[in-house]
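For reference, the structure discussed in these notes is given below.
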Amino acid sequence: MAKLALLSVSDKDGIVDFAAQLTSRGFKVISTGGTLKAIQDGGVQATAVEDITGFPEMLDGRVKTLHPRVHAGILAKRDNADHMAQLAENHIDPIDLICVNLYPFKETIQKDGVSDAEAIENIDIGGPSMLRAAAKNYRDVTVITDKADYADFLAKFDNGTADEAYRRELAAKVFRQTAAYDALIAKYLTTEEFPEKLTMTYEKVEDMRYGENSHQKTAYYKDPIPEAYSLANAKQLHGKALSYNNTRDADAALRIIADFDEKPTVVALKHMNPCGIGVGDTLLDAWQLAFDADPISIFGGIIALNRQVDLATAEKMHALFLEIIIAPGYDDDAYAVLAKKKNLRILTLDFVPMKKQRQDSVSLLGGLLLQDSDTTHETYDQFEVVSKVQPTQAQLKALQFGQTVVKHVKSNAIVVTTDHQTLGVGAGQMNRIDSVKIAIDKAKDKPDFADAILASDAFFPMDDSVEFAAKNGIKAVVEPGGSIKDKDSIAKADEYGIALVFSGVRHFKH
């Protein structure tokens, strides 16, 4: 008796040739709807599934293969005499190969203006049912859901290696596919912010050479429908492949630069922290400010720019060793200069202000944390002045700039800035006063230090930070407030005659 192969695919690329190849190897092909028509139009003999089931397709094709003659033929254990006797008693032939890919749900929901009804109509029912049945019975049934496996299966069939171990691999791939498919549907239908079951799926982009360190294996996965403004949609124009650390740093740089859209801005980043941010009237001005903020740490850094790169700015960047440059675009002559360095990674991505609410996840041992992203962007008119000294308008603008920067720095985080440039960054210290000392030490010799302010990501637990800042030339400070010792910090600000304002918003970044 000929082996039976049931073919029912949404993506018909390659299916006619695959059907022909199966037929030439002794398979009898069964098919449905549009797949059947494509195969027959291609000159390959195939039998309609309704001729097997004795039941017509109905409900506009919603019901085609949901029938005992199909599923019994798939699920029967060939080494179970009772199963085989039941097939024979009911005149059901076993089905040996299932080739199914699913309705294009992902592609449908990505269409502009897609209706809810159209999305739901593209939720496949029969396809996943057949795939799961065949995958469950992989010891006896071959199941293929990826057209990339057509040629591989045929080659293994011909050389006798399409064995149980291979069928198990295909079955595992099926369950990954159906799980991902269901995860997308669940995400589309879910309205709860934090549902009782979190179903997430990602698609593999590539294996990377190694992870954070050379002894760690890693791979890069992306959201199947990534947000437009994301590293997943960035295009690499030049240079080596991104490493694990490059990828994380580039993502951090994108998050920072998205907060600066009004004027040309350059962000220099190292190890997930900004080492220099400059805002200027031109991109070249912004670059120079970012460079001057920390000309040592920028070496080997990641640069994000929110305007198209011109030749003058490119020449400045070309003079340094940099790992990555990412910008909305590059003038031809600017790109030509940058591309002279064969290893420099040059990426492009359209920049947008980061105002849309999104979620971030963090992996734990045995778990996952999910939270709203910190997209809060305070303006100085929301600040509360708690000191006797009132900040000047120039200081308020600088305080707003500092508050925007500090939320992107690892806590405990302190930044010393003007209204257009970071002067010093104190990141990731175990106590706040050390971060204050680091930031001021980096800033105090800068030409514009006299105009500098200090911003803190969280409240001061003691008054020592305010005192140290005041003693070292800082004239205005912004912090969230909320400490039981706020009155001590306020008193210290008044003692030294500096302005202290509360933002009311904490920006821890662990």
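The figures here come from the full heavy-atom set of this structure, side chains too, leaving out hydrogens, waters and symmetry mates.
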Partners passing side chain to side chain contact (heavy atoms under 4.5 Å, CB included) against Gln236 (at least two apart in sequence or in another chain):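 Only Leu242, Arg345, Leu347 meet the side chain to side chain contact (heavy atoms under 4.5 Å, CB included) criterion with Gln236.
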Glu118/Asn122 under side chain to side chain donor-acceptor pair (under 3.5 Å): CA gap, chis, key distance, verdict: CA-CA 7 Å; Glu118 184 180 359; Asn122 276 278; 5.0 Å; no
More than 12 heavy atoms of other groups within 6.0 Å of Gln216 CD: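 Above 12, so yes.
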More than 12 heavy atoms of other groups within 6.0 Å of Met208 CE: yes
Salt-bridged, [X] to [Y], with N to O below 4.0 Å?
X      : Y      : result
Asp51  : Arg69  : no
Asp79  : Arg139 : no
Glu169 : Lys156 : no

Aromatic ring pairing Phe153/Phe157, orientation class (parallel under 30°, perpendicular over 60°, tilted between):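 Because their plane-to-plane angle lies in the 30° to 60° range, the rings of Phe153 and Phe157 count as tilted.
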Test log, rule side chain to side chain donor-acceptor pair (under 3.5 Å), inputs Ser243 and Asn245: CA-CA 5 Å; Ser243 69; Asn245 292 329; 5.3 Å; no
Option among Ile125, Thr145, Val70 that satisfies the side-chain contact (heavy atoms from CB on, under 4.5 Å) test with Met130: Val70
Ser411-Asp457 side chain donor-acceptor pair, cut-off 3.5 Å: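 Yes, a side-chain donor-acceptor pair sits under 3.5 Å.
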Non-hydrogen atoms of Pro264 and Leu283 that approach each other most closely: CB-N, 3.7 Å
Can you list the residues that meet the side chain to side chain donor-acceptor pair (under 3.5 Å) rule with [X], with sequence neighbours excluded?
X      : answer
Asp146 : Lys173
Lys37  : Asp41
Lys263 : Asp281

side-chain hydrogen bond (donor to acceptor under 3.5 Å, both in side chains) contacts touching residues 174-183 (sequence neighbours left out):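 Of all non-adjacent pairs touching residues 174-183, none passes side-chain hydrogen bond (donor to acceptor under 3.5 Å, both in side chains).
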Nearest-0.5 Å distance that lies between atom CD1 in Ile98 and atom CZ in Arg132: 14.5 Å
Derivation of the ring-ring contact (aromatic ring centres under 6.0 Å, His included) call for Tyr138 and Phe175: CA-CA 12 Å; Tyr138 71 84; Phe175 284 116; 9.1 Å; no
Ring pair (Phe, Tyr, Trp, His ring centres under 6.0 Å) involving Tyr166 - partner list, sequence neighbours excluded: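 Residues passing ring pair (Phe, Tyr, Trp, His ring centres under 6.0 Å) with Tyr166: none at all.
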Test of ring centre spacing under 6.0 Å for Phe351 and Phe260: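 No - the distance between ring centres of Phe351 and Phe260 does not fall below the 6.0 Å cut-off.
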